[in-house]
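Remarks on the structure that follows.
The analysis underlying the following values was restricted to heavy atoms, covering all of them including side chains, and did not include hydrogens, waters or symmetry mates. What you see is a predicted model, and the numbers here were worked out from it, not measured in a lab. This chain uses plain numbering: 1 for the first residue, then up along the sequence.
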Amino acid sequence: MAESFDVTIIGTGPGGYVCAVRAAQLGMKVAVVEKWATFGGTCLNIGCIPSKALLHASEMFEEATHLFPQLGIDIAEPKLNLSAMMAHKDDTVASNTGGIEYLFKKNKITAFRGTGAIPAAGKVIVTAEDGATQEIETKNIVIATGSVSTDLPGIAIDEDKIVSSTGALKLKKVPENLLVIGAGVIGLELGSVWARLGAKVTVVEFLDRILPGMDGEVSKQFQRMLAKQGIEFKLSTKVTGIEKSGDGLTATLEPAQGGEAETLQTDIALVSIGRKPFTEGLGLDQAGVALDERGRVVTDGHYKTNVEGIYAIGDVIAGPMLAHKAEDEGIAVAEILAGQAGHVNYGVIPSVVYTSPEVASVGKTEEELKADGIAYKASKFPFTANGRAKAMLATQGFVKILADKATDRVLGCHIVGKNAGEMIHEAAVLMEFGGSAEDLARTCHAHPTMSEAVREAALGANDGPIHI
């Protein structure tokens, strides 16, 4: 007889495992279905966590090589031990995925190993790797199967020479030349890792700017910073083909709007043009679950699909493909199933690019405010005028605050600088409670800290900053 649960979650990435834990905390009998050997999905296994391990390690290597002498630290020239760096990455992944397994045991969550399919509402079929199947009866189903890298037509990824982000995290040696196709978050993060370790990186982007969707001024200034680090950009350009030539690759590039082609020699090509929802093998057609034109599961304001008892969260539904967005949706669904008012404020979801310097953003960009016809005021404060930044040799970048012209309510905050991903959250908290620039400006900030620049930017929205 099939085992019965209150809720069964297919996928244990950030959305799935957080949903499972919260549902268990709220008294539900919970099952999860995971096809991989370890929990955590793309984020913990082959995405967010391993990439951050390499970003941090490569940043330390860069600092030891170039900044230590300025700080009065004289050491022999650092040597890269790539295998040890990769071991650190793998240890970080194992620690995090093992932590999810602990959370499941602690919260008495039943884990089923295999691929989940939904033949109908209230049932999940789990197919193990050896082909054996078992059926789960469940009151509710949550689809949390995430996303996969988008393919570039005509270019076959082999995870050896032509790689996705997965292969780019496992290179056995530093390439002399690296072609990054796509100037989004993933391409810039992984490109910067290998640039710091010695690769000559060329980024090709179809659009006329990097980081599409980010504030335009931030994008422009950040590109200049990356260019100073040696990363070359070819914007308004498309890659039409890649051929293997000897030990390397020959890529064919053309202007985005058409024109004369050129070739580029490279050792490795990273395809990072975005991600797409992963629903393969779920049997959504059979279950009658509707998808939109982009292959995303259609849900209402409470994450319910068109089929009673089936919900979806994370990268498989509309919205930014961010781990923390999926986590918040997982909590919201669990609370909704428990009869509570689960909710996600999509206007206050931070976004971070973990390069050096980092880029962090929350709320509206200037372009969005202009398009919406909202009268606003913008204030910027540079880290060159921040005492702690000077002491840390971290003066690149700025804080930019956008506030409603009439009410002073903060509508957006954008930070380029060291630890921007940590600093963005005080703006997020302020915005969650509808705070004004004056509220932020009147909040005492410890001195000396990088965060003082956030306060100074807030001061600039009204009476003016103190230190410039």
Tabulate below the donor-acceptor pairs under 3.5 Å that side-chain atoms of residues 269-291 make, not counting sequence neighbours, or state none.
unit_1 : atom_1 : unit_2 : atom_2 : d
Ser272 : OG     : Ile181 : O      : 3.1
Arg275 : NE     : Ser147 : OG     : 2.8
Arg275 : NH2    : Ser147 : O      : 2.5

Only distances under 3.5 Å count here; give the side-chain donor-acceptor pairs of residues 163-174 to other protein atoms, sequence neighbours excluded, each with its distance to 0.1 Å.
unit_1 : atom_1 : unit_2 : atom_2 : d
Ser164 : OG     : Glu159 : OE1    : 3.4
Ser164 : OG     : Glu159 : OE2    : 2.5
Ser164 : OG     : Thr166 : N      : 3.2

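Put simply, the side chain of Thr355 does not reach to within 4.5 Å of the side chain of Gln229, judged on heavy atoms. A 4.5 Å side-chain heavy-atom check between Ile210 and Val203 finds every atom pair outside the cut-off.
For Val18, the side chain to side chain contact (heavy atoms under 4.5 Å, CB included) partners two or more places apart in sequence, or in a different chain, are Glu327, Ile331. In this structure Ala458 satisfies the side chain to side chain contact (heavy atoms under 4.5 Å, CB included) test together with Ile401, Leu440, Ala441, sequence neighbours excluded. Take Asp90 and apply the side chain to side chain contact (heavy atoms under 4.5 Å, CB included) test, not counting sequence neighbours, and it matches no residue. For His324, there are no side-chain hydrogen bond (donor to acceptor under 3.5 Å, both in side chains) partners, not counting sequence neighbours. Shown here are the side-chain hydrogen bond (donor to acceptor under 3.5 Å, both in side chains) partners of Arg455, two or more places apart in sequence or in another chain: there are none. Residues satisfying the side-chain hydrogen bond (donor to acceptor under 3.5 Å, both in side chains) test with Asn45, not counting sequence neighbours, are Thr38. Residues satisfying the side chain to side chain contact (heavy atoms under 4.5 Å, CB included) criterion with Ala117, sequence neighbours excluded, are absent altogether. For the salt bridge (Lys or Arg N to Asp or Glu O under 4.0 Å) test, residues two or more places apart in sequence or in another chain that qualify with Glu329 are Lys325.
In this structure, Lys139 pairs ionically with Asp6, as a charged nitrogen and a carboxylate oxygen lie closer than 4.0 Å. Ion pairing between a basic and an acidic side chain is recognised when a charged N comes within 4.0 Å of a carboxylate O; Lys304 and Asp300 show no such pairing.
Annotation: side-chain hydrogen bond (donor to acceptor under 3.5 Å, both in side chains) contacts involving residues 48-58, sequence neighbours excluded, comprise Lys52-Glu189, Ser58-Arg196. Annotation: side-chain hydrogen bond (donor to acceptor under 3.5 Å, both in side chains) contacts involving residues 205-223, sequence neighbours excluded, comprise Asp215-Lys400, Glu217-Lys380, Glu217-Lys400.
For the atom pair OG1 of Thr305 and CD1 of Ile310, the computed distance is 5.0 Å after rounding to the nearest 0.5 Å. Atom CZ of Phe112 and atom CD1 of Ile125 lie 11.0 Å apart (nearest 0.5 Å).
The main-chain N or O of Asp267 is never found under 3.5 Å from a side-chain atom of Asn177 such that the two would form a donor-acceptor pair. No donor-acceptor distance shorter than 3.5 angstrom exists from the side chain of Asn107 to the backbone of Ile109, with no hydrogens or angles considered. Although no hydrogens or angles enter the test, the distance criterion places no donor-acceptor pair under 3.5 Å between the side chain of Glu34 and the main chain of Ala111. When atom types are taken as modelled, the side chain of Asp404 and the backbone of Thr407 share a donor-acceptor pair closer than 3.5 angstrom.
The two residues Ile9 and Ala144 make their nearest non-hydrogen contact at CG2-CB, 4.1 Å. In this structure, Ala389 and Phe383 approach most closely via the heavy-atom pair CB-O, 3.4 Å. Between Gly213 and Thr365, the shortest heavy-atom distance links the atoms O-CG2, 3.7 Å. Residues Ala20 and Phe104 share a closest heavy-atom pair of CB-CE2, 4.1 Å.
With Phe39 as the aromatic partner, Arg113 meets the cation-pi criteria of under 6.0 angstrom to the ring centre and within 45 degrees of the ring axis.
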